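Throughout, a chain's letter reflects where its sequence line sits, starting with A, and its residues are numbered from 1. All values derive from a computational prediction rather than experimental measurement.
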Protein chains: 2
Amino acid sequence: MTDASWDRSRCSVAGTLAVVGEKWSLLVLREAFLGVRRFADLQRNLGAPKAVLTDRLATLVEQGILRREPYQADGERRRHEYRLTPKGVDLHPTLVALMQWGDKHLAEDVAPLALEHRDCGAPVRLELRCDAGHQVSGAREVRPVPRAIPVSPG
Amino acid sequence: MTDASWDRSRCSVAGTLAVVGEKWSLLVLREAFLGVRRFADLQRNLGAPKAVLTDRLATLVEQGILRREPYQADGERRRHEYRLTPKGVDLHPTLVALMQWGDKHLAEDVAPLALEHRDCGAPVRLELRCDAGHQVSGAREVRPVPRAIPVSPG
DNA sequence: CCTCCTGGGTTCGTAAAGCGAACCTTGCTC
DNA sequence: GAGCAAGGTTCGCTTTACGAACCCAGGAGG
């Protein structure tokens with residue numbers, strides 16, 4: 001029972017999923033990180049229904065994860081594109097985490113997309129570290145500590 | 001157009017989301033990482049409908065993320081509990097990433113759950129690093145490099 | 001023995017979300 | 001002024017989520 005004694009209703013995992021946990025949301029953000037910004041390109045790359053995509057984009061804009069910016073291509077009408085805000089950029093590790101898991105457990109041959117450090121070209125990966133500088137090798141080395149509104153102690 | 005030129009259908013992000021992207025799946029895993037293993041506890045903590053929970057658990061077991069293990073409590077009937085497999089444990093960074101984002105962007109006062117290094121008690125966080133040992137400060141320092149089946153070059 | 005209780009489900013009917021196809025609108029080119 | 005394309009909206013259908021009710025096994029208690 002010990003580990004159940006904190007208030008799930010304000011859990012950050014749940015909160016984040018409430019914002020980006022719907023179908024397509026994270027895939028839209030994947031595209032955003034790949035530099036895709038226009039509705040039609042998103043729609044083509046994702047294969048999502050337009051209505052759903054419209055709705056997801058609106059939600060992400062509303063949440064401050066994307067922003068809608070006007071742009072003007074040569075000899076074309078004024079349109080707008082969707083770009084990541086800093087708040088959206090902060091979701092990068094989440095996507096990397098999902099990608100790394102898929103690369104390890106789903107890839108049939110080789111990972112379809114590599115991430116490399118722009119400065120040195122070396123492959124990039126996510127790591128857990130503590131503030132004392134130790135690398136944390138796995139989940140078992142991490143202790144979750146509830147902070148808010150503990151169940152009234154006996 | 002450059003960044004759109006690889007095969008999304010085998011994207012690891014999409015693949016991972018296909019496995020754990022449904023509603024409740026990641027929250028079930030959150031509970032698993034907190035040590036919750038029994039159906040009734042999961043149901044109580046999550047507030048998910050039983051039918052959905054049953055279905056998610058079955059999917060996660062099928063996918064090799066959880067395993068169903070028999071156990072026997074004192075003076076009770078033989079039941080089974082759900083435990084993370086190594087494949088499931090590998091989803092830890094994903095949950096940490098979601099949590100960190102929520103802690104930063106949704107928390108009203110203080111993060112409801114802290115993670116600390118079991119050995120030294122220091123707070124733990126996710127970091128991007130390259131194999132050359134550099135810390136990668138943000139998404140902009142990462143270059144995505146498609147590897148599979150590029151569009152036939154002109 | 002019969003009933004209650006509890007964990008772990010299944011079965012329902014309804015409400016919401018996702019879906020593809022069709023349609024609309026704006027403003028460009030021809 | 002016809003055609004086209006981006007970026008949507010609308011529509012009807014299918015799938016999924018939902019909560020409430022029910023079921024089943026087995027130990028406890030009378």
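- Annotation: ring-ring contact (aromatic ring centres under 6.0 Å, His included) contacts of A:Phe39 (sequence neighbours excluded): none.
- Residue pairs meeting the salt bridge (Lys or Arg N to Asp or Glu O under 4.0 Å) criterion with at least one partner in residues 12-23 of chain A, sequence neighbours excluded, are A:Glu22-A:Arg56.
- We find that NZ of B:Lys23 is positioned 16 Å from P of C:dA15, with the value rounded to whole Å.
- In this structure, the CG atom of B:Asn45 is 13 Å from the P atom of C:dG7, given to the nearest Å.
- Applying the salt bridge (Lys or Arg N to Asp or Glu O under 4.0 Å) rule to pairs touching residues 111-120 of chain A yields A:Glu116-B:Arg143, sequence neighbours excluded.
- Looking at B:Arg10, its side chain never comes within 3.5 Å of a backbone N or O of A:Pro112 through a donor-acceptor pair.
- A search for side-chain contact (heavy atoms from CB on, under 4.5 Å) contacts involving A:Glu81 returns A:Arg37, A:Arg38, A:Glu69, A:Tyr71, A:Arg83, not counting sequence neighbours.
- Legend: residues meeting side chain to side chain donor-acceptor pair (under 3.5 Å) with A:Asp103, ordered by chain and number and at least two apart, are B:Ser12.
- Between C:dG7 and B:Tyr71, no contact under 4.0 Å exists linking OP1 or OP2 to a side-chain N or O.
- The side-chain contact (heavy atoms from CB on, under 4.5 Å) check on B:His134 picks up A:His117, A:Cys120, B:Cys130, B:Ala132, with sequence neighbours excluded.
- Legend: residues meeting side chain to side chain donor-acceptor pair (under 3.5 Å) with B:Lys50, ordered by chain and number and at least two apart, are absent.
- For A:Glu127, the side chain to side chain donor-acceptor pair (under 3.5 Å) partners are A:Arg125, A:Arg129, not counting sequence neighbours.
- Every pair passing ring-ring contact (aromatic ring centres under 6.0 Å, His included) that includes a residue from residues 77-107 of chain A is listed here, sequence neighbours excluded: A:Phe33-A:His92, A:Trp101-A:His105.
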Quick one, give me the B/S/- string for nucleotides 25-30 of chain C, reading 5' to 3', where B means a protein heavy atom under 4.0 Å from the base and S means that only happens at the primed atoms, P, OP1 or OP2. -BSSS-

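- Taking a heavy-atom distance under 4.0 Å as the criterion, the stretch of DNA chain D touched by chain A extends 5' to 3' from D:dA5 to D:dT10.
- Close to C:dA17, at under 4.0 Å from its OP1 or OP2, lies no side-chain N or O of A:Trp24.
- For the pair B:His80 and C:dG9, the criterion of a side-chain N or O lying under 4.0 Å from OP1 or OP2 is met.
- Rounding to the nearest 0.5 angstrom, the gap separating the OG1 atom in B:Thr85 from the CD atom in B:Gln63 is 10.5 Å.
- For the segment residues 48-64 of chain B, residues with any heavy atom less than 4.0 angstrom from an atom of DNA chain C are, sorted by number, B:Lys50, B:Ala51, B:Thr54.
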